[in-house]
Structures are given as structure tokens and as C-alpha cells.
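Shown next, in C-alpha cells, is the structure this report addresses.
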Number of protein chains: 2
Amino acid sequence: MDVSGRTYPQLALDLQLCFPLYAATRAVTKRYVTLLEGTGLTYPQYLVMLVLWEADEPLTVTALGHRLRLDSGTLTPLLKRLEAAGHIRRERDPGDERRVLVSLTEAGRALEEQVSGVPQQLGQSMGISRDEALALRDQLTELVDHLDAADSA
Amino acid sequence: MDVSGRTYPQLALDLQLCFPLYAATRAVTKRYVTLLEGTGLTYPQYLVMLVLWEADEPLTVTALGHRLRLDSGTLTPLLKRLEAAGHIRRERDPGDERRVLVSLTEAGRALEEQVSGVPQQLGQSMGISRDEALALRDQLTELVDHLDAADSA
DNA sequence: CGCTATTAAGTTGTGCGCAATATAGTTGTG
DNA sequence: CACAACTATATTGCGCACAACTTAATAGCG
């Protein structure tokens, strides 16, 4: 891409980090459509399930949101769809009626085994080694931390 | 994050690349809300403007879509909003009435100067050097290429 | 020329993300 | 105990993304 002669060469799409980042996320999401076929899960729903499998106990909507950086405006309808699909239960906490406890159903628990090969399949699709992936993960995590700080400043 | 004792340790959220990638894109998009304040542009709209500034000539919807990896289902309403905001014009190509040519208005052209500092501001918010950003850009670009190949396979 | 295939853009429907707001339940304080 | 402040979730509205489909225009071919 020739950017010489432009008044603002720094605006060239190919020179910026933001676009590959944006494109990569959409490409990954698209790949998950194939990888999650048969489970009935979307990618964000899969992430919620990852958190629930890992916690292995009921979590509140707030706790899920904190882990995934999502708010109730995103999670409430998503969780209702997961519930309608039979993967989770949503119940008000008897001890504090403001809270909704999200727990796995047996069907939801059973899904874990079904997707256990997904991370490796995705890794193969990305064409990078495990070490490269972990290094990239660390760089992106650091980037998120910086951006969070910048936004609250 | 302790993943010992899990039946499927590879499903731990913190071990996966996909989540930081997803979180980073959302953090960047959120940062752009602040950086683009005053322009009336959203982040995807800003990307469209970048392509138009760079091309410096009318582009078809398909050409824009090819550059940004977006289809008409996304672009048509987005372009209508950019048109309503006065940044672009949309006109059928007289030589081929199937095509819609997207061109900059004077106001749209004038926006370029107004956002010329955005890439550097974002770079600062990310807390990484220019070289690190370019290296990350290359890694992500390669990742997209691999994923595209995997999906069409 | 006439007809089919192809191409370009638009439309529809679903599912995020997220800001702003609403609602209901809980806590803390006098 | 009353009541204001706070907390947790839900709702509303808007703007993407994208699959599937529709409509209109052009190209190609016999």
C-alpha cells in the first residue's frame, strides 16, 4: 500500500493495528460458527459456558459479567436464550432476591465434553504454535489493561 | 488461574487466545467512542471513511466491502447513516445501474484533518510502542489469512 | 434478439454490545 | 421503623455483523 503523497499517511488502513484486530475477531467468530455447529451455541454463549464449566457452581449475572466484561444488557437476553436451549437454569437467589443465580443443567454440563476439542481445532485454524498463541494472548491482555486505564482516566 | 483437576483444562478461559482477542476489540471500540467524539462517527463508520480518504475517488459498495471484509447487509444501512450525517453521497453509477458509487462530500473530506491525531492517541492508550504495534498487526493479519483459508476449506 | 446466468445492492431476521433508564430488593442511618 | 442510598437485574433503543433472500440490472450465449 503506497501511502506516500498523502496529507495524513498515519490514517492508512494497512498501517493501523485496529483494523487487523477487528478483522481477526470477526474471523475467529466466523470460525466458531463451524466449530460449534451441533452444539447450538453462538460464540458469546460458548464463552458464558466456559465460565460456568470452570466455576462449577452457580454464578450471578454480575459475576459472569465481570469475568467476560459484559453488562446485563448483553447477558440477560443471552442467558434467556441459553435457558430456552436447556443449557442453563436462571433462578432468583432466595437469600437475596435481587440476584439471579445461573447454573448448569445436566445437558449444559454434558456439552463440555462435546466441545473439548474446539480449542485445539481453533489453534490449528489459526496456523500458529501454542507458544505464539500464548505470547499473543499476553500482549492482547496487556493491551486491554492499558485501554481500560485510558478510558477511565 | 488454577486449572489443575479439571477434566478439560484446555477449556480454561484464561488459557485461550480467543477471549483476549474478543475483549481487546471491544476495548478498542470503546476507546474510539471517546476519540471520535465530536465527529459523529462510530468506529465502523470511521473505518469506511479511512478507506474513502485513502482511495480519494468514488468506490462501489462491493469495493468498500472487499477492503473491510463487510457485506452489503452491514454496509447499506451504515452508508445510509453516513449519508444522512452529510459525510458521503450515494449515487447509482450511470454506466451500470446495479452499482452504487460512494463518494465524499466536502464535509466528509474535512473530517480527515479532524481525526488525523486519532491513530497516535490510540497508540498511546494501548501503551505499546510503534514497533510493537506493527509486529502485532502483522501477527493478526497472518492469523486472519489462516482463518479465512480454514473456513473456505 | 431472447433467454438464462451472473452480479450488485437492498431487505429481513437474529444475536450481540452497550448506553441509558427503570424496577425491585437490600442496606445503612438516624 | 422510616427513608434515603445503594445494588442487581431487566428493559429500551441504536448500531453493527451476517446469513438468507429479494430485486433489479447486466453479460453471455445460442
Side-chain angles (χ1 to χ4, degrees), chain A residues 19 21-34 36-37 40-48 58-66 68-85 90-102 144 147-148 151, chain B residues 19 21-34 36-37 40-48 58-66 68-85 88 90-102 147-148 151:
Chain A
F19 178 61
L21 186 63
Y22 164 79
T25 295
R26 287 189 293 130
V28 166
T29 302
K30 197 176 287 188
R31 189 80 192 102
Y32 269 112
V33 172
T34 305
L36 295 175
E37 205 165 60
L41 294 174
T42 65
Y43 174 50
Q45 289 169 11
Y46 167 73
L47 290 178
V48 167
L59 294 178
T60 63
V61 174
T62 301
L64 275 169
H66 188 258
L68 297 173
R69 298 163 173 271
L70 294 171
D71 70 358
S72 68
T74 301
L75 283 173
T76 296
L78 188 157
L79 292 172
K80 283 182 179 175
R81 284 187 285 270
L82 278 179
E83 185 179 40
R90 294 163 64 247
E91 294 154 327
R92 289 277 165 187
D93 182 344
D96 185 341
E97 290 281 345
R98 290 172 302 182
R99 300 185 183 179
V100 167
L101 290 173
V102 179
V144 170
L147 286 167
D148 279 359
D151 239 5
Chain B
F19 177 61
L21 185 62
Y22 164 77
T25 295
R26 287 188 292 129
V28 166
T29 302
K30 196 176 290 187
R31 189 83 192 98
Y32 269 113
V33 172
T34 305
L36 295 175
E37 204 165 62
L41 294 174
T42 65
Y43 173 51
Q45 289 169 11
Y46 166 74
L47 291 178
V48 167
L59 294 178
T60 63
V61 174
T62 301
L64 276 169
H66 187 259
L68 297 173
R69 296 165 175 271
L70 294 171
D71 70 359
S72 69
T74 300
L75 284 173
T76 296
L78 188 157
L79 293 172
K80 284 182 179 173
R81 284 186 286 270
L82 278 179
E83 186 179 40
I88 63 163
R90 293 163 64 248
E91 296 155 326
R92 288 278 164 187
D93 182 345
D96 185 341
E97 291 279 347
R98 289 173 302 182
R99 299 184 184 181
V100 166
L101 290 172
V102 179
L147 286 167
D148 280 358
D151 239 4

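These numbers come from the heavy atoms of this one structure, side chains and all, not from hydrogens, waters or symmetry mates. Here is how names work: the chains are called A, B, and so on, in the same order as the sequence lines, proteins then strands, and each is numbered from 1.
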Arg99(A) side-chain N/O to dA24(C) phosphate OP1/OP2 under 4.0 Å = no
Closest-nucleotide ordering on DNA chain D, the 5'-leading residue of Lys30(A) and Arg81(B) = Arg81(B)
inquiry  = What is the separation between atom CD on Glu97(A) and atom C1' on dT9(D), rounded to the nearest whole Å?
reply    = 12 Å
query = Under 30°, 30 to 60°, or over 60°: which ring-plane class applies to Tyr43(A) and Tyr22(B), parallel, tilted or perpendicular?
reply = perpendicular
query = Can you check the Tyr43(A) OH to dG17(C) P distance for me, whole Å?
reply = 9 Å
note = In numerical order, the residues of residues 58-65 of chain B whose heavy atoms come under 4.0 Å of DNA chain D are none
Polar pairs (N or O, both sides) under 3.5 Å between protein and nucleotides 11-13 of chain D?
from, atom 1, to, atom 2, distance (Å)
dT11(D), OP2, Lys80(A), NZ, 2.7

key: Whether Arg69(B) side chain and Arg26(A) backbone form a donor-acceptor pair below 3.5 Å   = no
task = Find the distance Leu41(A):CG to dG15(C):P and express it as a whole number of Å.
result = 13 Å
task = Give a yes or no answer on whether the side chain of Arg90(A) reaches the backbone of Leu101(A) with a donor-acceptor pair at less than 3.5 Å.
result = no
task = Between dA10(D), dC18(D), dC18(C), spot the one nearest the side chain of Arg90(A), thanks.
result = dA10(D)
query = How would you label the contact of Leu78(B) with the nucleic acid (heavy atoms, under 4.0 Å): base, sugar-phosphate, or nothing?
reply = sugar-phosphate
query = How long is the line joining CZ of Arg69(B) and P of dA19(D), in whole Å?
reply = 13 Å
Nearest-nucleotide comparison on DNA chain C, the residue closer to the 5′ end among Pro44(A) and Asp96(B) = Asp96(B)
query = Whole Å only: how far is the CG atom of Asp71(A) from the C1' atom of dA20(C)?
reply = 11 Å
message = OP1 or OP2 of dT9(D) versus the side-chain N and O atoms of Arg92(A): is any pair under 4.0 Å?
response = no
query = Expressed in angstrom and rounded to an integer, what is the separation of Leu68(B) atom CG from dA17(D) atom P?
reply = 10 Å
ask   = Of the non-hydrogen atoms in Pro44(B) and Leu78(B), which two are nearest, and what is the gap between them?
value = CB-CD1, 3.7 Å
message = Using whole Å, what does the distance between atom C1' of nucleotide dT7(C) and atom NE2 of His66(B) come to?
response = 15 Å
query = Does Tyr22(A) put a side-chain nitrogen or oxygen below 4.0 Å from OP1 or OP2 of dA17(D)?
reply = yes
ask   = Can you find a pair of side-chain heavy atoms, one from Leu82(B) and one from Leu41(B), that are under 4.5 Å apart?
value = yes
note = Heavy-atom nearest pair, Leu75(A) first then Leu70(A), reads CD1-O, 3.9 Å
ask   = So, for Ser72(A) and Pro77(A), which heavy atoms are closest and what is the spacing to 0.1 Å?
value = O-CD, 3.9 Å
Check: Arg92(B) side chain, Arg98(B) main-chain N or O, donor-acceptor pair, under 3.5 Å = yes
ask   = Who are the side chain to side chain donor-acceptor pair (under 3.5 Å) partners of Thr25(A), not counting sequence neighbours?
value = Thr25(B)
query = Quick one: Leu147(B) CG to dC18(D) C1', roughly how many Å, whole number?
reply = 17 Å
Watson-Crick or G-U wobble partner of dG30(C), both distances under 3.5 Å = dC1(D)
query = With a 4.5 Å limit on heavy-atom distance, are the side chains of Leu68(A) and Phe19(B) in contact?
reply = yes
task = Classify the side chain of Arg98(A) versus the base of dT26(C) as yes if they form a donor-acceptor pair under 3.5 Å and no if they do not.
result = no
Closest to the Gln45(A) side chain, choosing from dC18(C), dC16(C), dA9(C) = dC16(C)
